[in-house]
S.K.: 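Here it is: the structure, laid out below.
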Amino acid sequence: MNSNGKKVVFSGVQPTGKITLGNYLGAIKNWQPLQEEYDCLYCVVDLHSITVAQVPAELRKNTMELAALYIACGISPDKSTLFVQSHVPQHAELQWVLDTITYVGELNRMTQYKDKARKHKDNINMGLMNYPVLMASDILLYMTDLVPVGKDQKQHLELARTIAQRFNNRYSDTFVVPEGLVNKHGAKIMSLQDPSAKMSKSDENENAVIYLTDDSATVARKLKRAVTDSETEVRYDVKNKPAVSNLLTIYSLCSGQSIAAAEKQFVGMGYGALKEATAQAVNQVLQPIQAEQQRILADKGYLENVLKEGAQRAESIAYKTLSKVYRKVGFVPRIR
Ligand code: TYM
């Protein structure tokens, strides 16, 4: 909770590669309505992104594009604190303290670490393993109550809770123990080519992923090629019809219709009709976002100012939390 008695929300996306429809439907889309009720901080988590090798110039470009995307998706800099993680040094500083109360065994068990270590065998760096501790630091620095994320982040969030509780037990009550905010539908958008795998930025098959920058013809082509099953009935049944259920989820979230209403709409129609309607609904969501993102990017001064003010606001909170933590662990305060 913040000093005005409002609950605090924190979330972030890594500025790596192209942002997917999964990132949007599972996370970013849910951020906007929270601004009305909560004190929200939305961060471009660039420190996290270098756990996998990045091209520096591209990372810089992706960071600004992602910040512009947040605004294009309805995050208002007047209502929320929008900032870049590396602009607030306390994230890395708190991480060090939290590292000392996190066990190697806990990090070794993280599924995302195991997956990434398998994929990047030549670069299993300490940062990759430490990733969830930095994420805990992001969250705990702001006394966050709620963390809106996709399903794949549940395990990391659970660890953040464990770390908060452990610190509180060892050094007395300090951190809020955060809760995850995970969608009932859309928390795990699946690949269009393999419904057993999540839609992922790093998928080598471009047809498996809809990027937020895709034009309408590309979206239509990818959906047309999406795998389905050998039946013809449009029915939501994740266990037996995972690919069709994934399309229905995307359609429902982009059109605003419930899954049940969508099922009714497609009675007696084949998968072709579902794919076409889904493409239309996705494009209706993406086109205004793309136009708005371009408009914001064209005004570099505005965006830089938003990030400057966001970092100032974030740092003033982060500084207080870190000072408290340093005092609790026994560091001598610096005399200024
Ligand atoms: P990232 O960039 O990998 O993912 C950003 C968000 O997108 C969600 N997501 C999905 N949701 C539904 N279906 C999918 N296929 C899909 N793919 C990704 C993720 O769950 C996430 O919410 N570690 C975080 C970034 C982070 C963070 C934080 C988040 C760093 N610090 C503090 C919250 C709070 C991540 O996964 O980024």
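In each ligand, atom 1 is the first atom listed, and ligand 1 is the first ligand listed. As a basis for the values below, the full set of heavy atoms in this structure was taken, side chains included, without hydrogen atoms, waters or symmetry mates. Just so it is clear, the structure is predicted and the values come from calculations on it, not from any experiment.
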S.K.: Should Asp138 be counted as touching ligand 1, given the test is an N or O pair under 3.5 Å?
M.R.: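 By distance alone, the answer is yes.
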
S.K.: Which residue holds the protein heavy atom closest to atom 25 (C) of ligand 1, what is that atom called, and what is the gap in Å?
M.R.: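 The answer is Gly12 O, 3.5 Å.
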
S.K.: Would you mind checking which non-hydrogen protein atom is closest to atom 19 (C) of ligand 1, with the distance to 0.1 Å?
M.R.: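 So the nearest neighbour among protein heavy atoms is Asp152 OD1, 3.3 Å.
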
S.K.: Non-hydrogen atoms of Gly186 versus ligand 1: any pair closer than 4.0 Å?
M.R.: yes

S.K.: Does the N or O separation between Met199 and ligand 1 drop below 3.5 Å for any pair?
M.R.: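 Yes; at least one N/O pair falls below 3.5 Å.
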
S.K.: Under 4.0 Å between a side-chain nitrogen and a carboxylate oxygen: does that hold for Lys154 and Glu158?
M.R.: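 No, Lys154 and Glu158 are not salt-bridged.
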
S.K.: Only counting residues at least two apart or in another chain, list the ones meeting ring-ring contact (aromatic ring centres under 6.0 Å, His included) with His185.
M.R.: Tyr236

S.K.: Within ligand 1, which atoms have a heavy atom of Ala27 less than 4.0 Å away?
M.R.: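 Here the atoms of ligand 1 in question are 6 (C), 7 (O), 22 (O).
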
S.K.: For Tyr38, is the NZ or CZ atom of Lys6 found under 6.0 angstrom from the centre of its six-membered ring and inside 45 degrees of the ring axis?
M.R.: no

S.K.: Hey, does Met190 come in under 3.5 Å of ligand 1, counting only N/O atoms on both sides?
M.R.: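 No: no nitrogen or oxygen of Met190 is under 3.5 Å from one in ligand 1.
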
S.K.: As an exercise, identify every atom of ligand 1 less than 4.0 angstrom from a heavy atom of Gly26.
M.R.: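 Close to Gly26: 11 (N), 12 (C).
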
S.K.: Is Arg295 salt-bridged to Glu292, going by a charged N under 4.0 Å from an acidic O?
M.R.: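 Looking at Arg295 and Glu292, the cut-off is met.
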
S.K.: Has ligand 1 got any nitrogen or oxygen that is less than 3.5 angstrom from a nitrogen or oxygen of Gln153?
M.R.: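 Looking only at distances, the answer is yes, because the N/O contact criterion of under 3.5 Å is met.
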
S.K.: Tell me, which protein residue and heavy-atom name are nearest atom 4 (O) of ligand 1, and how many Å apart are they?
M.R.: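 Of the protein heavy atoms, Asn23 ND2, 3.4 Å lies nearest.
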
S.K.: So which protein heavy atom does atom 11 (N) of ligand 1 come closest to, and at what separation?
M.R.: Gly22 O, 3.2 Å

S.K.: Considering only NZ, NE, NH1 and NH2 on the basic side and carboxylate oxygens on the acidic side, decide whether Lys198 and Asp152 come within less than 4.0 Å.
M.R.: yes

S.K.: Of the side chain and backbone of Leu134, name the one, both, or neither that has a heavy atom under 4.0 Å from an atom of ligand 1.
M.R.: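 For Leu134, no heavy atom sits under 4.0 Å from ligand 1.
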
S.K.: Taking NZ, NE, NH1 and NH2 as the nitrogens, is one of them in Lys241 or Glu231 under 4.0 Å from a carboxylate oxygen of the other?
M.R.: yes

S.K.: Taking NZ, NE, NH1 and NH2 as the nitrogens, is one of them in Glu206 or Arg225 under 4.0 Å from a carboxylate oxygen of the other?
M.R.: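 Judged by the 4.0 Å cut-off on N to carboxylate O distance, Glu206 and Arg225 do not form a salt bridge.
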
S.K.: Within ligand 1, which atoms have a heavy atom of Phe10 less than 4.0 Å away?
M.R.: 32 (C), 34 (C)

S.K.: Tell me which protein heavy atom sits closest to atom 15 (N) of ligand 1, plus the residue, atom name and distance to 0.1 Å.
M.R.: Ile189 O, 2.8 Å

S.K.: For ligand 1, which atoms have a heavy atom of Val45 less than 4.0 angstrom away?
M.R.: 25 (C), 30 (C), 31 (N)

S.K.: Counting each atom of ligand 1 from 1 as listed, which ones have a heavy atom of Ala187 under 4.0 Å away?
M.R.: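 Within the 4.0 Å cut-off of Ala187, ligand 1 contributes 11 (N), 12 (C), 13 (N).
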
S.K.: With no hydrogens and no angle check, is any side-chain donor or acceptor of Lys201 less than 3.5 Å from a backbone partner on Gln14?
M.R.: yes

S.K.: Judged by modelled atom types alone, do Thr174 and Lys328 share a side-chain donor-acceptor pair under 3.5 Å?
M.R.: yes

S.K.: What protein heavy atom sits nearest atom 22 (O) of ligand 1, and how far off is it?
M.R.: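 Among all protein heavy atoms, the one nearest atom 22 (O) of ligand 1 is Gly150 N, 3.1 Å.
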
S.K.: Which residue owns the protein heavy atom closest to atom 2 (O) of ligand 1, what's the atom, and how far is it?
M.R.: Gln14 N, 2.9 Å

S.K.: Consider only side-chain N and O atoms of Gln257 and Gln265, and report whether a donor and an acceptor are under 3.5 Å apart.
M.R.: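 Side-chain D/A pair, Gln257 to Gln265: present.
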
S.K.: Is ligand 1 less than 4.0 angstrom away from at least one heavy atom of Lys201?
M.R.: yes

S.K.: Show me which atoms of ligand 1 lie under 4.0 Å from any heavy atom of Val149.
M.R.: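 The list of qualifying atoms is 22 (O), 29 (C), 33 (C).
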
S.K.: Who's closest to atom 34 (C) of ligand 1 heavy-atom-wise, of Val9, Val147, Leu21, Val13?
M.R.: Val147

S.K.: Who's the nearest protein heavy-atom neighbour of atom 35 (C) of ligand 1, and how far?
M.R.: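 Its nearest protein heavy-atom neighbour is Tyr131 OH, 3.5 Å.
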
S.K.: When Tyr42 is tested against each of Trp31, Tyr142, Phe83 for ring-ring contact (aromatic ring centres under 6.0 Å, His included), which residue passes?
M.R.: Trp31

S.K.: For Glu276, look at atom CD and say whether over 12 heavy atoms of other residues, nucleotides or ligands are found less than 6.0 Å away.
M.R.: no

S.K.: Decide, yes or no, whether a salt bridge links Glu36 with Lys79 under the criterion of side-chain N to carboxylate O below 4.0 Å.
M.R.: yes

